[in-house]
J.: 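What follows is a structure written as structure tokens; I'll ask about it next.
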Amino acid sequence: MKNLFSYLPVVACGRNRKGTILPPCQNAALLMVHSIFQLFINNQWKDAISGKTFPTINPATGEVICQVAEADEADVEVAVKAARNAFALGSPWRRMDASHRGLLLNRLADAIERDSAYLAELETLDNGKPYAISYAVDLPTVVKCLRYYGGWADKWEGKTIPIDGDYFCYTRHEPIGVCGQIIPWNFPLLMLAWKLGPALATGNTVVLKTAEQTPLTALYVASLIKEVGFPEGVVNILSGMGPTAGAAIARHMDVDKVAFTGSTEVGHLIQQASGSSNLKKVTLELGGKSPNIILSDANMEDAVEQSHFALFFNQGQCCCAGSRTYVQADIYDEFVERSAERAKRRVVGDPFDLKTEQGPQVDQEQFNKILGYISSGKREGAKLMCGGGVAADRGYFIQPTVFGDVQDNMVIAREEIFGPVMQILKFKTLEEVVTRANDTKYGLAAAVFTKDIDKANYVSNALRAGTVWINCYDVFGAQAPFGGYKASGNGRELGEYGLDNYTEVKTVTIKVPQKNS
Amino acid sequence: THPPLFIFINNEWQDSVSGKVFPVYNPATGEQICEVQEADKADVDKAVQAARLAFSLGSVWRRMDASERGRLLSKLADLVERDSVYLATIESLDSGKPFLPTLFVDLQGTIKTLRYFAGYADKIHGTSIPMDGEYLTFTRYEPIGVCGQIIPWNFPLMMTAWKLGPALACGNTVVLKPAEQTPLTCLYIAALIKEAGFPPGVINILPGFGPTAGAAIASHMGIDKVAFTGSTEVGKLIQEAAGKSNLKRVTLELGGKNPNIIFADADLDLAVEQAHQGVFFNAGQCCTAGSRIYVEEPIYDEFVRRSVERAKRRIVGSPFDPTTEQGPQISCEQQNRVLEFIQSGISEGAKLECGGKALGLKGFFIEPTVFSNVRDDMRIAREEIFGPVQQIMKFKTIEEVIERANNSDYGLVAAVFTNDINKAMTISTAMQAGTVWINCFNALSTQCPFGGYKMSGNGRELGENGLKEYSEVKTITMKMVAKNS
């Protein structure tokens with residue numbers, strides 16, 4: 001049954017509503033559900049205690065979509081209390097069969113699947129990613145991730161252990177407790193699923209803060225969380241700013257664990273906050289400057305297209321973007337030429353136009369930052385092959401940009417740009433490129449394109465990165481762990497490994513009269 | 001409407017090659033319900049061919065994402081849930097199980113098992129291995145291939161789910177023969193399998209008899225694995241047939257003569273009720289029946305008295321009467337067999353406390369029967385009765401009861417009732433049984449491996465262990481130019 005409110009025209013309903021009428025968008029049926037303006041705590045919708053709100057902006061136009069409640073420390077306090085209550089021994093959530101937790105996750109997946117056209121529109125409106133991609137990629141991947149973790153709930157087993165002595169010993173895999181989760185704006189729904197899936201499968205309760213740029217879809221999912229029957233307090237969703245609400249979560253004395261996905265810069269702060277508060281467990285998924293290595297025996301056409309996708313997907317706003325494309329000397333010139341030609345063909349436009357490949361960057365700040373990097377590339381002597389400027393009069397659109405003749409020491413080769421700017425570098429030998437590829441503080445992902453089995457094995461073994469793709473890029477599955485070496489983070493998300501981050505292992509040892517094997 | 005009464009091969013309904021049909025009976029009345037196409041060797045050959053084709057490299061089923069296999073199983077579970085009242089009705093009609101427990105226990109167990117294995121499909125992991133030498137090594141868990149599955153009549157739907165769940169989650173194709181007494185719900189599941197969208201040939205269902213269709217499966221050269229649940233007697237035949245034919249992998253879930261040990265410090269009310277349900281559930285037709293109840297001497301007389309009183313209160317009646325606790329035995333043959341055991345108990349000198357006779361004029365009902373003063377060497381204490389007959393024995397010491405409990409060729413389950421943690425740990429370690437219950441009985445759930453020691457079978461069903469039986473492990477070792485850790 002669709003949410004009743006989605007059929008109502010956009011008029012004020014309920015007290016303290018601070019919504020505004022929507023700007024026109026592609027789909028005239030896009031109606032706002034009243035609840036996506038408020039905080040979701042204890043299965044209830046609340047204004048922020050301070051009454052404050054903040055605007056969320058449509059990056060394709062620069063216009064305000066609506067105002068959203070702005071959570072601060074006081075609201076985090078209320079949410080944490082709700083989550084703590086929901087986690088109390090004897091609570092409905094603690095007493096629930098693990099298989100039933102899994103069933104709820106599956107029902108949530110079903111509800112999201114049911115409402116995926118609406119969610120895809122909302123995601124595109126708030127984030128700027130092309131609708132065709134929100135609908136055909138983001139939403140199905142979200143559904144699959146929740147279903148995957150729904151299946152794990154009653155399969156996450158401890159062990160019984162042949163300990164020395166007259167004892168019977170076993171481990172229990174228990175939930176950690178109240179988990180703070182702070183997610184980014186580049187894949188709002190997907191990041192929500194990556195966080196909720198393993199946390200709820202293992203029986204934790206959650207206080208999740210969305211990115212201030214993209215608060216809307218998570219708040220809609222909150223209504224589905226309530227609809228499918230999660231007990232109150234198990235999931236709490238707060239919209240708000242990093243330095244206030246996010247920091248409050250990271251330093252809260254009663255939050256047992258924090259999971260953060262975002263910039264390495266903020267990752268440092270989260271880890272410090274844990275250390276200076278209650279030593280809460282920390283997992284981080286941070287930035288990257290991922291090397292994409294093209295050997296001369298690679299299939300040229302395939303490598304060019306995959307490398308283009310590796311960098312430009314999601315407007316270049318991927319932590320794992322292949323932003324250092326190393327091309328072997330003998331194919332370098334042709335590769336650069338073909339990449340520039342492909343980039344020139346990239347269709348930038350209205351995200352609701354189904355032909356659009358690239359939408360706007362998420363906000364003004366990112367827009368300015370990326371243009372700054374492009375300037376530095378020019379200044380430091382990289383060769384601008386195409387693009388290099390603003391793509392439209394309004395919104396935050398940037399031309400697909402390709403730099404050739406990039407050197408390892410240039411800023412654009414060392415720092416994460418997070419925009420549609422491709423760096424192509426030349427190398428001679430395998431050993432050389434492996435050394436250069438590893439010469440970074442990051443270590444999130446990497447790729448190699450080659451037909452040669454020995455080279456593929458050598459490179460994938462040697463690269464210090466959490467994911468290595470061979471003859472492909474950005475291939476993800478809910479089943480496959482993902483995470484960073486070095487300053488790209490710690491811990492792995494997805495797969496069975498993703499459950500580790502949300503588990504406390506308890507060893508139970510019982511004295512027995514006489515042990516027998 | 002009725003379930004399709006045909007053989008299901010390649011997602012199509014087919015007559016038997018021979019043209020033969022066989023009758024299916026309602027055990028509550030003895031009357032015939034309908035006739036079903038009877039599969040024999042020729043039909044098994046057709047089914048194996050279909051299953052083999054569906055398993056070939058490059059087929060839809062082999063190319064399918066593991067997660068999508070899981071989705072199909074999940075859809076099947078949803079369809080079973082949608083039609084659960086209908087399925088419970090047919091199950092009751094065909095097997096004589098009381099309707100309400102069938103709806104609340106059998107159907108729920110079936111749905112949960114399918115959902116559990118649906119969730120496992122994309123979580124079957126091999127490993128990458130730090131081998132000696134300049135090598136990259138990893139394992140793949142591949143499906144075995146064409147799996148023959150032969151299921152019994154005591155829990156037709158649940159047994160279908162226990163077999164299909166792991167086999168399909170792991171990517172196998174299946175040729176399944178339901179028991180000749182109870183083919184109907186399995187054939188309805190076949191219709192749901194088609195509705196859910198499984199590719200043709202992945203699951204094939206062949207109603208028929210053991211000595212013909214079942215034997216053809218066990219000895220087929222084109223079947224890679226056989227899984228059988230049923231009597232130990234037939235289990236031995238299956239194992240022999242596998243050895244004589246192509247050494248197909250064999251897993252067996254066979255009979256039991258399960259000890260239920262009651263200590264003097266147990267919660268007596270709980271123990272009496274659990275022991276009662278433990279042996280009388282499903283009219284005694286459970287491989288897990290707690291059919292040897294060992295009661296510690298100090299509480300023996302009281303335990304017998306309460307058990308008799310409880311057995312006398314057990315309501316035997318029409319499966320569709322909501323107050324009924326116990327329906328009929330599955331067939332005339334089984335009924336006679338149980339009555340013969342009861343006679344042997346009497347003639348060997350056990351004390352018949354209550355019951356002992358057939359009940360009613362129509363159908364195959366037997367009175368809930370209790371024997372006390374049972375000696376371990378009596379037939380009723382050694383052999384599987386598979387009927388509503390409870391044996392209560394006396395013991396003195398823990399060492400004695402462990403020895404007596406283990407003194408059996410069977411080893412399926414055991415139970416102990418006690419408040420003492422040391423007794424509980426000692427007994428549960430000492431029992432030669434695949435499942436040991438402490439202060440409970442028949443506590444089964446799809447997450448927990450289940451199977452027998454000794455002649456109660458080999459292999460485990462359910463839980464993660466259940467998947468192992470449906471996978472072949474392939475090790476792949478690749479030369480590396482220079483290994484680094």
J.: Identify which one of Phe117(B), Phe198(B), Tyr470(B) satisfies the side chain to side chain contact (heavy atoms under 4.5 Å, CB included) criterion when paired with Leu168(B).
T.: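 The option that passes is Phe198(B).
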J.: For the candidates Lys112(B), Lys123(B), His125(B), which exhibits the highest count of non-hydrogen atom pairs separated by less than 4.5 Å from chain A?
T.: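 Among Lys112(B), Lys123(B), His125(B), the one with the most close pairs to chain A is Lys123(B).
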J.: Quick one: sort the Tyr170(A) and Phe168(A) rings into parallel, tilted or perpendicular, breaks at 30° and 60°.
T.: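 Answer is tilted, since the angle falls between 30° and 60°.
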J.: So which of Leu103(A), Asp97(A), Asp154(A) has the biggest tally of heavy-atom pairs under 4.5 Å with chain B?
T.: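 The residue among Leu103(A), Asp97(A), Asp154(A) with the greatest pair count is Asp154(A).
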J.: Would you please name every residue forming a side chain to side chain contact (heavy atoms under 4.5 Å, CB included) with Asn106(A), sequence neighbours left out?
T.: Arg147(A)
J.: Considering only heavy atoms and a distance below 4.5 Å, find which of Lys511(A), Gln514(A), Lys144(A), Gln479(A) pairs most often with chain B.
T.: Gln479(A)
J.: Enumerate by number any residue of residues 457-476 of chain A whose heavy atoms lie under 4.5 Å from heavy atoms of chain B; in the absence of such residues, state 'none'.
T.: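 From residues 457-476 of chain A, the residues near chain B are Asn457(A), Asn461(A).
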J.: Can you tell if the side chain of Lys163(B) reaches within under 4.5 Å of the side chain of Glu461(B), non-hydrogen atoms only?
T.: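 A side-chain contact exists here, since the closest heavy-atom pair is under 4.5 Å.
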J.: Salt bridge check, Arg62(B) against Glu142(B): does any charged N sit closer than 4.0 Å to a carboxylate O?
T.: no
J.: So do Val137(A) and Phe187(A) actually touch side chain to side chain, heavy atoms under 4.5 Å?
T.: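 When only atoms from C-beta onward are counted, Val137(A) and Phe187(A) do not touch, as no gap falls below 4.5 Å.
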J.: Name all pairs fulfilling the salt bridge (Lys or Arg N to Asp or Glu O under 4.0 Å) condition that reach into residues 423-443 of chain B, sequence neighbours left out, sorted by first residue then second.
T.: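 Matches after skipping sequence neighbours: none remain.
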J.: Do Arg436(A) and Glu431(A) sit within salt-bridge range, that is, some charged N less than 4.0 Å from a carboxylate O?
T.: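 No, no charged N to carboxylate O under 4.0 Å.
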J.: May I ask you to test the Trp61(B)-Leu72(B) pair for a side-chain heavy-atom distance under 4.5 Å?
T.: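 The answer is yes, as the side chains (C-beta and beyond) meet within the 4.5 Å cut-off.
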J.: What residues of residues 475-485 of chain B sit under 4.5 Å from chain A when you count only heavy atoms?
T.: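 So the qualifying residues are Met478(B), Lys479(B), Met480(B), Val481(B), Asn484(B).
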J.: Is Asp78(B) paired with Arg115(B) through a side-chain N to carboxylate O contact shorter than 4.0 Å?
T.: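 Yes, charged N to carboxylate O under 4.0 Å.
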J.: Using the ring of each side chain (for Trp, its six-membered ring), is Tyr120(B) parallel, tilted or perpendicular to Trp152(A), with breaks at 30° and 60°?
T.: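 Perpendicular.
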